[in-house]
Protein chains: 2
Amino acid sequence: MARPTLASLAAELGVSRQTISNVINSPDRVKPATLERVRAAIEAAGYRPSAAARQLRTRRSMNLGMRLMPATDGINGSILDRFLHALTESAQDAGYRLTLFCADSHEDEVLQYGELLNVAGIDAFILTSSSRNDVRTKWLQDNGTPFAVFGRPWETAPGDDAARHPWVDIDGAAGTAEAVTMLTAQGHTHIAFLGWQDGGPVGEDRQAGWERAMRALGAGQDISRLRASAPDTISGGISGGRELIARGATAIVCASDSLAIGAAESLRELRPELFSPGQPAGPGVRAAVVGFDDTPVAAALGLSSVAQPVEDAARHIVRLLTFELADRAGGSSAPEQHLLLAPHVVERVPLPLAPPR
Amino acid sequence: MARPTLASLAAELGVSRQTISNVINSPDRVKPATLERVRAAIEAAGYRPSAAARQLRTRRSMNLGMRLMPATDGINGSILDRFLHALTESAQDAGYRLTLFCADSHEDEVLQYGELLNVAGIDAFILTSSSRNDVRTKWLQDNGTPFAVFGRPWETAPGDDAARHPWVDIDGAAGTAEAVTMLTAQGHTHIAFLGWQDGGPVGEDRQAGWERAMRALGAGQDISRLRASAPDTISGGISGGRELIARGATAIVCASDSLAIGAAESLRELRPELFSPGQPAGPGVRAAVVGFDDTPVAAALGLSSVAQPVEDAARHIVRLLTFELADRAGGSSAPEQHLLLAPHVVERVPLPLAPPR
DNA sequence: GACAAGAATTTGATCGATCAAATTTTGCGC
DNA sequence: GCGCAAAATTTGATCGATCAAATTCTTGTC
């Protein structure tokens with residue numbers, strides 16, 4: 001049983017091929033009676049247009065290209081999993097599909113753009129892990145290829161063209177500021193920040209949020225001693241946490257969940273009284289450590305953490321691109337070209353004090 | 001500057017369109033002199049055939065469909081990340097691409113097959129998270145659609161047709177057996193197994209490996225008390241670990257890394273002498289707990305774990321499908337239809353005794 | 001009924017590749 | 001040079017959709 005085509009359906013109904021096509025793509029051009037008749041037949045036959053034929057004629061593939069980043073760190077990398085999942089779902093809902101590809105570097109990625117554009121016919125690209133002076137954004141702009149980025153440009157030149165491309169990011173500073181507010185509400189006054197040694201603009205942003213919130217607490221407080229940095233590992237979190245506790249910190253806001261796991265360990269080591277089973281549950285027991293990213297690992301360990309709304313980010317990325325690729329026939333308003341999403345702190349009770357489940 | 005096509009290149013070279021096509025697809029049909037000339041021109045022009053045009057004419061999309069499973073558990077779910085990455089890379093190397101889609105259930109997934117086959121023109125499917133009496137495998141077989149599964153069928157009926165589809169899996173029993181061997185070499189004699197309450201065939205398989213290895217150690221040893229089960233969470237690992245230690249276990253082989261994290265915690269709690277900084281490093285300090293899956297979290301925490309060669313599995317899946325989809329023109333031998341891959345134990349030193357880095 | 005304008009539908013071509021058959025070229029033997 | 005068979009190349013059609021222009025139909029007015 002051959003699958004139905006435009007031609008077979010048109011012959012069966014005694015209308016033109018173009019009428020069938022119009023019923024699907026421009027129903028306003030078809031008389032209501034014809035519309036109903038044809039729609040019923042399309043439904044009965046289970047006819048669906050071939051994507052390949054469409055792509056060939058329209059020169060549009062309805063595919064968005066994205067490089068699949070290797071999971072360099074299973075703790076923090078799970079953020080991109082959720083992003084990928086939300087992208088796949090949003091694209092699917094909008095009639096698009098994701099085309100994934102692997103690359104060894106940004107430069108290798110750029111080398112593949114020709115193939116993706118000319119062979120696969122990709123309509124637009126989604127970029128993650130953006131960096132300063134990203135060769136990818138430059139190439140795509142020079143080539144006139146639509147794209148959107150998950151991450152701010154962070155460019156230092158105010159008039160830089162790179163800042164004009166569409167992007168969505170999470171307001172890291174707002175997240176760490178909220179973490180400070182939460183710890184303050186629990187009675188902490190010596191709230192430290194543990195960041196990365198080479199944090200880049202993302203790390204600086206998260207630190208700035210902590211700093212801003214701390215300054216808002218007390219004008220005269222010297223917070224410079226409540227700041228440290230370490231490699232983005234659990235061990236780094238342990239050593240950095242030890243240092244901050246030695247400097248008088250009673251709570252720590254961390255730039256990542258990896259650091260937070262380690263920092264929580266150092267608190268248990270140097271402040272065991274906070275974790276004694278017989279100790280009454282006081283403010284200090286609740287969450288002396290707040291991580292960043294709300295990874296499933298943090299959740300499993302009962303760590304409080306700043307949650308990034310990556311699902312919202314993914315949806316907006318898809319909106320940005322589908323809007324740009326649409327024919328502008330609709331009256332829908334343009335999505336925001338630059339969107340900074342607010343994260344929120346998820347409070348938890350740390351293991352192993354969690355009640356048996 | 002319009003991109004080159006078969007027609008433009010043929011006109012430029014004074015040969016037929018089909019000759020250009022033959023140079024690319026059937027070079028043996030072309031005279032060497034013509035072959036060289038045309039190849040040089042293809043290279044110079046950067047000509048590449050359009051995937052959409054190819055798909056339309058050949059009725060092959062060169063795409064493999066796979067449902068993107070939600071990350072239900074960031075600890076164990078990272079396995080599927082590596083699988084996805086390896087699939088993407090292997091497919092890419094073989095000239096295929098992955099088409100991802102989301103679905104809410106196996107039934108929802110099956111509902112989408114029509115769209116994926118008729119619209120997107122997917123050539124074959126890759127299944128994960130297979131279950132007994134999987135509606136997906138039945139549908140795909142009934143429909144004559146090529147597919148391969150990451151996971152054994154586990155069907156109870158020996159003549160069941162489902163057992164005939166291509167599959168790749170990891171030998172869980174071999175993994176836990178090796179873990180027992182490793183713990184034995186470290187001097188342990190009371191090696192317990194902590195599995196899932198509703199482990200299904202996968203959980204049973206892993207337990208069977210532990211059981212087999214334990215029986216091989218001592219014919220008369222009563223191992224029934226060295227077995228427990230818990231929910232697949234860290235807390236579950238803690239409570240299960242406590243129980244097994246109370247029954248005399250000195251080491252624990254776990255069905256997952258989540259359980260292992262918890263079991264390690266219970267060992268630290270009930271056998272702190274094993275973790276004292278002043279304790280000499282003896283066999284018992286090395287790895288009294290072995291997890292399963294070698295997740296990045298286990299690695300970060302310094303846990304020993306059974307590593308699944310998911311990259312090998314992914315590569316074999318792609319081989320299985322590309323072989324089935326190929327024209328059989330080549331003399332390459334068929335890949336094994338049913339492949340059980342051996343995992344291996346990765347030994348580590350648990351934090352926080354790891355030396356400062 | 002004739003005419004004009006707009007709505008509805010149809011017709012012909014196109015997208016860019018490969019399939020399949022037809023045609024031309026080449027090499028060899030007589 | 002001719003005939004034949006195989007190699008090499010070309011020609012015509014096809015895949016299934018949409019674009020774009022042409023044609024037909026419908027409605028309203030005089």
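Just so it is clear: chains get the letters A, B, ... in the order the sequence lines come, proteins before strands, and each one is counted from 1. From a predicted model like this one, the values you see are computed outputs, not experimental measurements.
- For B:Trp167 and B:Phe150, the gap between ring centers reaches or exceeds 6.0 Å.
- The CD1 atom of B:Ile20 sits 13 Å away from the P atom of D:dT11 (whole-angstrom rounding).
- Counting non-hydrogen atoms under 4.0 angstrom, B:Arg60 reaches nothing in the nucleic acid.
- The distance from atom CZ of B:Arg57 to atom C1' of D:dG12 is 11 Å, rounded to the nearest whole Å.
- The distance from atom CG of A:Asn25 to atom P of C:dT9 is 15 Å, rounded to the nearest whole Å.
- Using modelled atom types, one finds no donor on one side chain facing an acceptor on the other under 3.5 Å when comparing A:His338 with A:Arg152.
- In this structure, B:Asn22 does not reach the D:dA8 phosphate: none of its side-chain N or O atoms is under 4.0 Å from OP1 or OP2.
- For A:Ser21, a side-chain nitrogen or oxygen approaches OP1 or OP2 of D:dT18 to under 4.0 Å.
- Atom-to-atom, CG of B:Asp28 to P of D:dT9 comes out at 12 Å; the value is rounded to the nearest Å.
- In this structure, B:Arg17 does not reach the D:dT9 phosphate: none of its side-chain N or O atoms is under 4.0 Å from OP1 or OP2.
- Both A:Arg29 and B:Tyr47 lie near DNA chain C, and the one whose nearest nucleotide falls closer to the 5' end is A:Arg29.
- Here the C1' atom of nucleotide D:dT9 and the CG atom of B:Leu35 are 14 Å apart, to the nearest Å.
- Listed pair B:Thr19 / D:dT10 meets the phosphate criterion, a side-chain N or O lying under 4.0 Å from OP1 or OP2.
- Phosphate contact (OP1/OP2 of D:dA17, side-chain N/O of A:Ser50, threshold under 4.0 Å): absent.
- A sub-4.0 Å separation between OP1 or OP2 of D:dT10 and a side-chain N or O of B:Ser16 is present.
- Ranked by how close their nearest DNA chain D nucleotide is to the 5' end, A:Ile24 and A:Lys31 are led by A:Ile24.
- Here the straight-line distance linking atom OG1 of B:Thr99 with atom CZ of B:Phe125 works out to 9.0 Å at 0.5 Å rounding.
- Judged by distance alone with a 3.5 Å cut-off, no donor-acceptor contact links the side chain of A:Arg54 to the base of D:dT18.
- Within 4.0 Å (heavy atoms only), A:Gly14 reaches sugar-phosphate atoms of the nucleic acid but no base atom.
- The distance between atom CG of B:Leu6 and atom P of D:dT14, rounded to the nearest whole Å, is 19 Å.
- Judged by atom type and distance alone, A:Gln18 reaches the base of D:dC19 through a side-chain donor-acceptor pair under 3.5 Å.
- Remark: the A:Arg97 side chain and the B:Asn63 side chain contain no N/O donor-acceptor pair separated by less than 3.5 Å.
- Map B:Val30 and B:Ala53 each onto its nearest nucleotide of DNA chain D; the residue landing nearer the 5' end is B:Val30.
- To the nearest 0.5 angstrom, A:Phe101 atom CZ is 5.0 Å from A:Leu116 atom CG.
- One can place CG of A:Leu56 at 12 Å from C1' of C:dT18, the figure rounded to the nearest angstrom.
- Judged by distance alone, the side chains of A:Glu109 and A:Tyr113 do bring a donor and an acceptor atom under 3.5 Å apart.
- If you take CG of A:Leu9 and P of C:dT10, they are 13 Å apart, rounded to a whole angstrom.
- Phosphate proximity of C:dA8 to A:Thr34: absent, as no side-chain N or O sits under 4.0 Å from OP1 or OP2.
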